There are 2 protein chains.
Amino acid sequence: MRKLKTSRQPEILDAALAIADERGLDALSMRAVAERVGVTPMALYGYFRNKDELLDGLVGRLLTKLVAEDAERIGPGLEGAWNERLGAIAWATRRLAREHPSVFPLLLSRPSVTPDGVRVVDLLYQALIEAGVPDADVPRIERMVSTFVIGFAISEVNGRFSGGSNETRTRRGVDAPAHRRLAGHLAARDWDAEFAADLADLMRIIRPV
Amino acid sequence: MRKLKTSRQPEILDAALAIADERGLDALSMRAVAERVGVTPMALYGYFRNKDELLDGLVGRLLTKLVAEDAERIGPGLEGAWNERLGAIAWATRRLAREHPSVFPLLLSRPSVTPDGVRVVDLLYQALIEAGVPDADVPRIERMVSTFVIGFAISEVNGRFSGGSNETRTRRGVDAPAHRRLAGHLAARDWDAEFAADLADLMRIIRPV
DNA sequence: ACCTGAACACCGTTCAAGT
DNA sequence: ACCTGAACACCGTTCAAGT
């Protein structure tokens, strides 16, 4: 297990993120990253043990952007009521998914306990504590909220919500009585509004009114 | 856009699912599937236009297994109270993730409006209607619940929840006050119990007591 | 300390051809 | 109707060598 160089890691991750953003995750090859950095593919293996670790680095990058955005939101980071702070992180997370739709889904597949990952979780913990959630329930509620937020953002950028028109869904041949009854409510949605409504519902779990 | 053969599609999907289950998604190559089916790689392209469509077929398979299990649960499928039926689907979904951990995450990345996909959604719609959710809110709540359930199951099979021990999380160098305060509650969890608690919370959104 | 070149064992997919 | 063979343009990664 050789020791890795760190000097050019940020530069390499920048290149990798740019490629994924511009041409998708399938285009993100070690060879493509190397070319963009202006180096031989093999040079990358001095900085990342393999492609998987480079992808982990990319997830770390996303989390860093998230804490950075939260930090500049309102200075030290603890201004505002708990529900405003929690909402700010949720919306920032969703924005991040739209900025980096190819890389974002990796958030759900990789543990990523980088320092910045811990920092984000800690901000959520603080908000939940302030909301009055019992200490014993805080980690569970954090996982529930973050799972939903990340899952929603992934579904959205991947088209899981919009896939299949109304006609497809209510097509004859599938026995779908509830779809028929709800036909008038199956039109394309305003996902901003839906995300807001979902968050409001979750807030009511966190602190029943 | 040539017309595809269907005769051996199920056989091919069986082979693909077996490879993914046994050796992971990275090992799922067209060549490996072909070998298992006993055919040349190129023969597969008569049944699926490309690898992506084969993966879509795999997602369809998962959904088919889900409706099959639900159907045999209690016969016609509409016995039991709404919360029991909704819970049964949620737990069956989570079981499916454990059976096919490599393929399951694709559920969140692919629209998949196959007939069986619509059937699952319709069962959820029916439960929510019976719970008293206003028609206009049913599709949103369905998306919220399914997003959470799938996201939870993916996080679990991918180790997102367990990654990083306590020590890692509370390691010095990261300023994480809430982690320090919650140190006693950050031990490894019983995910069955946590999933149950989360579902109970969601049920309270669906039908406030 | 950092990088390169050549090589190995793979990929998905196209095209033309075969029964 | 169904399948094959050869080929193209790629992959990630190892190893030995170079400055």
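Here is how names work: the chains are called A, B, and so on, in the same order as the sequence lines, proteins then strands, and each is numbered from 1. What you are looking at is a predicted structure, and each value in this text was computed from that prediction instead of being measured.
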Quiz item: Closer to the 5' end of DNA chain C via nearest nucleotide, is it B:N50 or A:R8?
Solution: A:R8
Practice problem: Quick one: sort the B:W191 and B:F152 rings into parallel, tilted or perpendicular, breaks at 30° and 60°. | Solution: perpendicular
Quiz prompt | Identity of whatever pairs with D:dG18 - Watson-Crick or G-U, under 3.5 angstrom | solution = C:dC2
Quiz item: What nucleic acid atoms does B:Y47 come within less than 4.0 Å of, heavy atoms only: base, sugar-phosphate, or nothing?
Solution: sugar-phosphate
Quiz item: Atom CG of B:L44 to atom P of C:dG12: distance rounded to whole Å?
Solution: 10 Å
Quiz item: Reckon A:K51 has a side-chain N or O less than 4.0 Å from the OP1 or OP2 of D:dG12?
Solution: yes
Quiz item: What's the CD1-P distance between A:I12 and C:dC3, to the nearest Å?
Solution: 8 Å
Exercise. Figure out the CD/P separation between B:Q9 and D:dC3, and round it to whole Å.
Key: 12 Å
Exercise. Taking only the side-chain nitrogens and oxygens of A:Y45, find out if one of them lies under 4.0 Å from OP1 or OP2 of D:dG12.
Key: no
Practice problem: Using a cut-off of strictly less than 4.0 Å, decide whether B:S7 has a side-chain nitrogen or oxygen near OP1 or OP2 of D:dC2. | Solution: yes
Exercise. Check for a donor-acceptor pair, side chain of A:N50 on one end and backbone N or O of A:E53 on the other, with a separation under 3.5 Å.
Key: yes
Quiz item: How long is the line joining CD of B:E35 and P of C:dG12, in whole Å?
Solution: 13 Å
Self-check item: Of the listed nucleotides D:dG12, D:dT4, C:dT4, the one nearest the side chain of A:A43
Solution: C:dT4
Quiz item: Can you tell me if the side-chain N/O atoms of B:R31 get under 4.0 Å from OP1 or OP2 in C:dT13?
Solution: no
Self-check item: Pair assignment for D:dA7, Watson-Crick or G-U wobble, requiring both distances under 3.5 Å
Solution: C:dT13
Practice problem: Taking only the side-chain nitrogens and oxygens of A:S29, find out if one of them lies under 4.0 Å from OP1 or OP2 of D:dC11. | Solution: yes
